[in-house]
2 protein chains.
Amino acid sequence: MNISTKGRYAIRALVELAKVKDNQVLSVKDISDIQGISTTYLEHLLVKLKKANIVGSQRGAKGGFFLEKKPKDITLCDVILAVEGPVFLSKCLNSNNTTIDCKFINDCEFQGFWSKLSKSIENLFSKITLKEILGEINE
Amino acid sequence: MNISTKGRYAIRALVELAKVKDNQVLSVKDISDIQGISTTYLEHLLVKLKKANIVGSQRGAKGGFFLEKKPKDITLCDVILAVEGPVFLSKCLNSNNTTIDCKFINDCEFQGFWSKLSKSIENLFSKITLKEILGEINE
DNA sequence: TTAATTATGACTGTTTTACTCATATTTATA
DNA sequence: TATAAATATGAGTAAAACAGTCATAATTAA
């Protein structure tokens with residue numbers, strides 16, 4: 001159970017975007033240079049963050065990315081969901097997962113338990129905003 | 001970020017072991033039949049749970065496994081650690097991971113943040129005991 | 001003695017991770 | 001208006017993790 005590079009890089013990128021002035025943009029190249037991340041890999045992550053309405057973009061020369069919301073309104077939960085998928089998932093929970101082969105698929109005594117745990121973690125992640133992350137890294 | 005079959009099967013096995021009377025054992029075969037889990041796969045998980053002093057075993061005919069502690073003293077944190085490794089790990093945290101290739105390996109502004117988050121999750125998982133899980137699945 | 005059981009380790013197919021590469025599309029500006 | 005700089009999209013890939021299987025050794029109750 002861990003946060004992959006997707007989540008970590010996304011947070012790094014968002015921190016950089018939070019640092020620039022309003023109405024300014026940062027290119028993927030800028031961010032990847034500052035944070036030492038592969039440019040093309042980060043590009044894909046930023047596209048996902050855009051689809052989740054966390055960042056916006058300006059195409060073309062002098063273009064780049066910017067935060068679509070205020071740091072206080074961007075939660076860790078949103079970010080992880082955008083780049084990694086469901087924040088916490090016991091795979092027996094998602095009914096549309098066709099590959100699962102569980103004896104109790106339709107009547108699982110543990111579903112309630114995993115579901116509650118999942119909500120607890122989502123709740124924890126929802127309370128952590130980009131604003132707070134910015135505060136912590138500047139301590 | 002999810003609980004793999006290792007963690008889920010381990011919980012299932014521990015629930016079965018909690019159901020039997022004191023001084024009785026359950027064989028891997030018994031557990032795997034009841035829970036619909038691969039016998040040999042579960043075997044490996046039980047060995048890990050044994051190394052973590054969560055279960056004990058009796059070898060030979062009529063042998064099997066039993067809980068080494070009371071359900072109230074077995075936490076989800078212990079179980080996941082035993083079968084999956086660290087409960088929550090942002091990979092940039094573990095200094096002995098030689099494959100990591102991060103620009104900020106020795107001076108990372110995010111280390112404190114990931115570390116705190118990791119402790120929050122460990123704390124959450126430490127409060128959930130097998131006793132509580134037994135209570136939830138019987139509701 | 002033997003059948004039943006745990007213990008250990010090597011092996012395997014599938015999925016996910018962590019990328020790269022190629023190419024299309026958009027747009028500020030010279 | 002041409003062009004360089006940027007995002008957008010999708011295919012491909014090597015390595016690791018996941019989810020097991022298989023073979024065999026060691027132990028022990030009956």
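Given the structure is predicted, the values throughout are model-derived calculations rather than measurements.
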Atom-pair distance ([atom1] on [X]; [atom2] on [N]), nearest Å:
X	N	atom1	atom2	value
B:E43	D:dA19	CD	P	18 Å
B:N2	C:dT16	CG	P	10 Å
A:H44	C:dA24	NE2	C1'	13 Å
A:I3	C:dT16	CD1	C1'	16 Å
B:L42	C:dT6	CG	C1'	12 Å
B:L49	C:dT6	CG	P	13 Å
A:K51	D:dG10	NZ	C1'	10 Å
A:L46	C:dC19	CG	P	15 Å

Contacts of type side chain to side chain contact (heavy atoms under 4.5 Å, CB included), residue [X], not counting sequence neighbours:
X	value
B:K19	A:E109, B:V15, B:E16
B:A52	B:I54, B:A82
B:F125	A:M1, A:L117, A:I121, B:I3, B:L76, B:C77, B:I80, B:V87, B:I121

Study note, to complete from the structure: Of B:G63 and B:Y41, the one whose nearest nucleotide on DNA chain D sits closer to the 5' end is B:Y41
**Study point:** Contact list for residues 25-42 of chain B, test salt bridge (charged side-chain N to carboxylate O under 4.0 Å, His left out), sequence neighbours left out
**Key:**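 Sorted result for residues 25-42 of chain B: B:K29-B:D33.
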Review point. With sequence neighbours left out, which residue pairs that include part of residues 42-60 of chain B fulfil the salt bridge (charged side-chain N to carboxylate O under 4.0 Å, His left out) condition?
Key: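 Pairs touching residues 42-60 of chain B that pass the test: none.
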Study note, to complete from the structure: So side-chain hydrogen bond (donor to acceptor under 3.5 Å, both in side chains) across residues 65-76 of chain A, not counting sequence neighbours, yields A:T75-A:D78
So, is [X] near the phosphate of [N], with a side-chain N or O under 4.0 Å from OP1 or OP2?
X	N	answer
B:S38	D:dA19	no
B:Y9	D:dG20	yes
B:K50	C:dT6	no
B:S57	C:dA7	yes

Practice item. Scan residues 32-53 of chain A for pairs that pass ring pair (Phe, Tyr, Trp, His ring centres under 6.0 Å), counting only residues two or more places apart or in two chains. Key: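 Applying ring pair (Phe, Tyr, Trp, His ring centres under 6.0 Å) to every pair that reaches into residues 32-53 of chain A, excluding sequence neighbours, yields A:Y9-A:Y41.
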Practice item. Within residues 18-35 of chain B, find the residues that approach DNA chain C with a heavy atom at under 4.0 Å, and present them sorted by residue number. Key: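 Output list: B:L26, B:S27, B:V28.
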Report, one pair per line, the protein and nucleotides 28-30 of chain C atoms (nitrogen or oxygen only) whose separation is under 3.5 Å.
{"from": "C:dA28", "atom 1": "OP1", "to": "A:Q58", "atom 2": "NE2", "distance (Å)": "3.2"}
{"from": "C:dA28", "atom 1": "O4'", "to": "A:A61", "atom 2": "O", "distance (Å)": "3.4"}

